[in-house]
Student: 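Next up is a structure, given as structure tokens.
Predicted, not measured: the structure shown is a model, and the values here were computed from it.
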Amino acid sequence: MAIAALLLPAQVFAQDLEGHWALQIDDATIFVFALDREEDGDWSGSWTRPENIDSNGAVFRRMSGSETVTPIETQQAGEVVRLTFAGPEGRAQNDVLRFALLDENRAELLYQGIPGDPYPLVRVVPGTPLGPFEPARIYDRDNAVTEADYDPEALPPEPASDENEDDEESPRIEADFLDGL
């Protein structure tokens with residue numbers, strides 16, 4: 001019973017990690033993580049990341065697309081939740097991510113094998129899209145957002161759209177374009 005009492009604060013603290021977290025650099029969302037605590041105490045989650053990305057861990061560039069992957073293994077050790085994702089095809093190494101809560105709306109991500117300080121994460125609403133990404137821009141982790149306003153009632157931001165896309169609601173040519181000729 002004494003051991004359970006000692007473990008309870010860490011379990012409660014880690015449980016506050018439940019929700020959606022993002023790595024944001026300036027005005028762009030690079031990654032979104034969903035962390036869920038199951039009824040049996042195990043963790044599940046997902047990682048939404050660019051489908052195409054060029055990164056050395058400190059800078060991110062040439063990002064496009066979006067894919068969501070689920071972990072192949074989850075674990076909790078004290079106040080840290082660890083999610084392991086299958087590495088990219090052709091690479092034998094998996095992506096091991098460790099999440100720790102800093103306060104109610106801030107967490108940090110330690111990406112095993114990537115040197116440097118942990119990545120700062122901010123709490124976001126479910127459905128937060130990646131981007132917007134500018135093709136020629138370099139996103140530096142030194143510019144990562146460390147605090148953000150979080151409103152659980154807010155709707156997710158609209159995904160960035162291509163300016164050349166046709167707007168279904170307003171056709172390019174109106175029905176009366178020949179009137180007056």
Student: Mind checking what makes side chain to side chain donor-acceptor pair (under 3.5 Å) contact with Thr84, not counting sequence neighbours?
Tutor: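 Per chain and number, Thr84 pairs via side chain to side chain donor-acceptor pair (under 3.5 Å) with no residue.
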Student: With rounding to the nearest 0.5 angstrom, report the CG to CG distance, Asp16 to Asn105.
Tutor: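 If I round to the nearest 0.5 Å, the distance is 10.5 Å.
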Student: So which heavy atom on Val122 is nearest to which on Val145, and how close?
Tutor: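 The pair with the smallest heavy-atom distance is CG1-O, 3.9 Å.
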Student: For a quick test of reading the model, state the closest non-hydrogen atom pair linking Pro120 to Ala144 and the distance between them.
Tutor: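 So the minimum-distance heavy-atom pair works out to CG-CB, 3.5 Å.
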Student: Salt bridge (charged side-chain N to carboxylate O under 4.0 Å, His left out): which pairs involve residues 145-155, sequence neighbours left out?
Tutor: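 As it turns out, there is no salt bridge (charged side-chain N to carboxylate O under 4.0 Å, His left out) pair with a partner in residues 145-155 once direct neighbours are skipped.
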Student: Looking only at heavy atoms, which two atoms of Trp43 and Gln76 are closest? And how far apart?
Tutor: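 That would be NE1-OE1, 2.9 Å.
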Student: With sequence neighbours excluded, tell me which residues meet side chain to side chain donor-acceptor pair (under 3.5 Å) with Tyr111.
Tutor: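 Side chain to side chain donor-acceptor pair (under 3.5 Å) list for Tyr111, sorted by chain: Asp95.
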Student: Taking the hydrophobic residues Ile, Leu, Val, Met, Phe, Trp and Tyr, and joining any pair whose side-chain heavy atoms are under 4.5 Å apart, which ones share a cluster with Val125?
Tutor: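 Val125 shares its hydrophobic cluster with Tyr150.
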Student: Going by salt bridge (charged side-chain N to carboxylate O under 4.0 Å, His left out), name the pairs with one or both residues in residues 64-75, residues two or more places apart or in two chains.
Tutor: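 The answer is Arg49-Glu67, Glu73-Arg82.
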Student: Going by side-chain heavy atoms closer than 4.5 Å, which hydrophobic residues are tied to Ile138, directly or by a chain of links?
Tutor: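 For the cluster that includes Ile138, the remaining residues are Val59.
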Student: Flag yes if more than 12 heavy atoms outside Glu104 fall under 6.0 Å of its CD atom; otherwise flag no.
Tutor: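 Atom CD in Glu104 is not packed in, count stays at 12 or less.
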Student: Side chains of Ile72 and Asn94: closer than 4.5 Å at any heavy-atom pair?
Tutor: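 Yes, at least one pair of side-chain atoms sits under 4.5 Å.
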Student: Ile53 and Leu130: same hydrophobic cluster, using ILVMFWY side-chain contacts below 4.5 Å?
Tutor: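 Same cluster: Ile53 reaches Leu130 through Ile, Leu, Val, Met, Phe, Trp or Tyr contacts under 4.5 Å.
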Student: Give, for atom CG of Asp36 and atom CG of Asp42, the distance between the pair rounded to the nearest 0.5 Å.
Tutor: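 Going from the CG atom of Asp36 to the CG atom of Asp42 covers 12.5 Å.
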Student: What is the minimum heavy-atom distance between Gly131 and Phe133, and which atoms define it?
Tutor: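 Looking at all heavy atoms of both residues, the shortest contact is N-CZ, 3.5 Å.
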Student: Passes side-chain contact (heavy atoms from CB on, under 4.5 Å), Leu109 versus Phe33? Steps please.
Tutor: CA-CA 10 Å; Leu109 164 66; Phe33 304 95; 3.7 Å; yes
Student: Could you tell me the separation between the CD atom of Gln112 and the CG atom of Leu97, rounded to the nearest 0.5 Å?
Tutor: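 Reported to 0.5 Å precision, the distance equals 9.0 Å.
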Student: Residues in side-chain contact (heavy atoms from CB on, under 4.5 Å) with Asp142, at least two apart?
Tutor: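 Applying side-chain contact (heavy atoms from CB on, under 4.5 Å) to Asp142 gives Asp140.
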Student: Restricting to pairs with a member in residues 127-137, which pass side chain to side chain donor-acceptor pair (under 3.5 Å), not counting sequence neighbours?
Tutor: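 Found Asp26-Arg137, Asp27-Arg137.
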Student: Under a 4.5 Å side-chain heavy-atom rule over Ile, Leu, Val, Met, Phe, Trp and Tyr, are Tyr119 and Val69 clustered together?
Tutor: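 Yes, it is one cluster - the side chains of Tyr119 and Val69 are joined through contacts under 4.5 Å.
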Student: Taking the side chain as every heavy atom from C-beta outward, state whether Phe99 and Trp21 have any atom pair closer than 4.5 Å.
Tutor: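 No, their side chains stay 4.5 Å or more apart.
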Student: Between Glu108 and Leu110, is a side-chain contact (heavy atoms from CB on, under 4.5 Å) present by the stated rule, with each step listed?
Tutor: CA-CA 7 Å; Glu108 65 181 15; Leu110 181 62; over 6 Å; no
Student: What ring pair (Phe, Tyr, Trp, His ring centres under 6.0 Å) pairs are there with at least one residue in residues 54-87, not counting sequence neighbours?
Tutor: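 Only Phe31-Phe60, Trp47-Phe85 qualify under ring pair (Phe, Tyr, Trp, His ring centres under 6.0 Å).
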Student: Can you name the nearest heavy-atom pair linking Ser44 to Thr74, along with the distance?
Tutor: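 Shortest heavy-atom separation between Ser44 and Thr74 comes out as CA-CG2, 4.3 Å.
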Student: Restricting to side chain to side chain donor-acceptor pair (under 3.5 Å), what partner residues turn up for Thr48, sequence neighbours left out?
Tutor: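 Expected list: Thr68.
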Student: Using the test side chain to side chain donor-acceptor pair (under 3.5 Å), find all partners of Gln24 that sit at least two apart in sequence or belong to another chain.
Tutor: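 Listed in chain order: Thr29.
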Student: When rounded to the nearest 0.5 angstrom, what is the spacing between CG in Leu101 and CD in Glu79?
Tutor: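 Taking CG in Leu101 and CD in Glu79, the distance rounds to 8.5 Å.
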Student: Could you list all the salt bridge (charged side-chain N to carboxylate O under 4.0 Å, His left out) pairs where at least one residue sits in residues 51-60, not counting sequence neighbours?
Tutor: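 Every pair satisfying salt bridge (charged side-chain N to carboxylate O under 4.0 Å, His left out) with a residue in residues 51-60: Asp54-Arg61, Asp54-Arg62.
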Student: To the closest 0.5 Å, what do you measure between CZ (Arg123) and CG (Leu17)?
Tutor: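 Atom-to-atom, Arg123:CZ and Leu17:CG are 7.5 Å apart.
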